[in-house]
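Sequence lines set the chain letters: A, B, ... in the order given, protein chains first and strands last, and positions in each chain run from 1. All values below come from the heavy atoms of this structure, side chains included, with hydrogens, waters and symmetry mates left out.
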Number of protein chains: 2
Amino acid sequence: MGENVNPHAHFASICELHLPDHLMPETANLADLCRKHGRRLTGQRRIIADVVSAAHDHPDVIEIHRRAAAIDPGIALSTVYRTLRMFADIGLIETHTFEGGRARVEQATGEHHDHLIDITTGKVIEFRSDAIERLQTEIARRLGYRLTGHRLELYAEPIPGRASPVRRKAR
Amino acid sequence: MGENVNPHAHFASICELHLPDHLMPETANLADLCRKHGRRLTGQRRIIADVVSAAHDHPDVIEIHRRAAAIDPGIALSTVYRTLRMFADIGLIETHTFEGGRARVEQATGEHHDHLIDITTGKVIEFRSDAIERLQTEIARRLGYRLTGHRLELYAEPIPGRASPVRRKAR
DNA sequence: TCGCTTCTGCAAATCATTTGCAATAAGGAT
DNA sequence: ATCCTTATTGCAAATGATTTGCAGAAGCGA
Ligand SMILES: [Mn+2]
Ligand SMILES: [Mn+2]
Ligand SMILES: [Zn+2]
Ligand SMILES: [Zn+2]
């Protein structure tokens, strides 16, 4: 981890994390990718793309609309929905439906990870455990299946005493 | 499969399964439990309870309504919703929201387990892996949290050649 | 059986998300 | 820079799942 000024620094740095710094901020302009996929780069799409790229807190659709509207008050919620769905369709973003509520979004990084949701604050913490990933594939196999996807969400509360959960920096 | 008449036979028998037969069919009358919780045992509740107890396929609310209506055509969908929510509130059943679609229900057994969803048929297969359970607790701990709950769903397709997935019987 | 509540059926209300449509704006071609 | 075709947008209405208000119906302890 080091002098991690990386916007993805919140990505759980323990738990067998395998995201080399130079690979992490897959900041490949969402807007450009959008164009690259033959879609028109409209003003609202550019804004929504920027909002999503800048977000590192898994905002939900309403929140994204709020942030986008702060830049262009004219943007319609339906446009946000349509744009996000389009981004998801071409694989630029991922959407999650944690317990209850609206779908939450994050820019796709290519690197798979799962989430831990702090039930006291709603904060989402990312992590990756190859051990668990392997285990899931193995379980499916034993059941006679080939794993094609999965959903793993941990709901937890901070351990008191433990100064703000692990977000330890440098070393 | 085989002389396995146990309604829970579909519960993955491999994967470190820890559900001794004599403990499995937690067939403690849902209806009775309902009464025990101070609620009135109405005709429709009795029927819904029976439908849920008899189901071993994680039916969704509409399906439960369909089965209940087959017994008493007068049962309203809203009653099914209200009753299921009530059952869930007092811990008699568990509801899951697998990818897309309505909530699916199952009678609570006290024994925790996770699910593998056959993406080709929608069939739900139950399993339990203590290794994964442990790993989840450990990951949360390392992140500074105490695990209070989790959601683990495996989406997979049958491995061709492998005669109908593992549902192998006795020994 | 009586009476007090708790329930139920029905319709309307919510909530999140999608969609029809006319007006508007990309962006490749003049 | 101007056209022109066609994708995209804003708005309102539509969906789909689940909840809720309400008046009448039904539990159940006395
Ligand atoms: Mn994430
Ligand atoms: Mn189950
Ligand atoms: Zn994972
Ligand atoms: Zn589990």
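Note on A/Ser78: a base of the nucleic acid sits closer than 4.0 angstrom, heavy atoms only. Among the heavy atoms of the strands lying under 4.0 Å from B/Arg35 are primed sugar atoms or P, OP1, OP2 only; no base atom is included. Residue contacts shown for A/Gly101 are absent, as no nucleic acid heavy atom lies under 4.0 Å away. Within the 4.0 angstrom heavy-atom criterion, no nucleotide atom of any strand lies near A/Ile62. Using a 4.0 Å heavy-atom cutoff across all strands shown, A/Arg85 reaches sugar-phosphate atoms only and no base atom.
Remark: C1' of C/dA23 and CD of A/Gln44 are 13 Å apart, rounded to the nearest angstrom. Regarding A/Asp32, its CG atom lies at a distance of 12 Å from the P atom of C/dG27, rounded to whole Å. Rounding to whole angstrom units, CZ of residue A/Arg104 and P of C/dA16 are separated by 14 Å. Here the C1' atom of nucleotide D/dA17 and the CG atom of B/Asp60 are 11 Å apart, to the nearest Å. Atom pair B/Leu77:CG and C/dA11:C1' shows a separation of 13 Å (rounding to whole Å applied). In this structure, A/Ile75 places its CD1 atom 9 Å from P of D/dT9, rounding to the nearest Å. Atom CZ of B/Arg66 and atom C1' of D/dA17 are 15 Å apart (whole Å). Atom-to-atom, CG of B/Asp89 to P of C/dC7 comes out at 12 Å; the value is rounded to the nearest Å.
Looking at A/Thr148, its side chain does come within 3.5 Å of a backbone N or O of B/Tyr155 through a donor-acceptor pair. A donor-acceptor contact shorter than 3.5 Å is absent between the side chain of B/Arg46 and the backbone of B/Ala31.
Both B/Gly38 and A/Arg39 lie close to DNA chain C; mapped to their nearest nucleotides by heavy-atom distance, the more 5′-ward contact belongs to B/Gly38. When each of B/Ala103 and A/Met86 is assigned the nucleotide of DNA chain D bearing its nearest heavy atom, the one mapping closer to the 5' terminus is A/Met86.
Of the side-chain N and O atoms in A/Arg40, none sit less than 4.0 angstrom from OP1 or OP2 of C/dG27. Between D/dA7 and A/Thr42, no contact under 4.0 Å exists linking OP1 or OP2 to a side-chain N or O. Side-chain N/O atoms of B/Tyr81 include none lying less than 4.0 angstrom from OP1 or OP2 on D/dT19.
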- Please lay out, stage by stage, how B/Tyr145 and A/Leu154 fare under the test side chain to side chain contact (heavy atoms under 4.5 Å, CB included). CA-CA 10 Å; B/Tyr145 285 86; A/Leu154 304 185; over 6 Å; no
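Ring-plane geometry between B/His96 and B/His58 is classed as tilted, the angle between the planes lying from 30 to 60 degrees on a 0 to 90 degree scale.
With hydrogens and angles left out, the side chain of B/Arg82 and the base of D/dG21 share a donor-acceptor pair within 3.5 Å.
Within the model, atoms CD of B/Gln44 and NE2 of B/His65 stand 10.5 Å from one another, a figure rounded to the nearest 0.5 Å.
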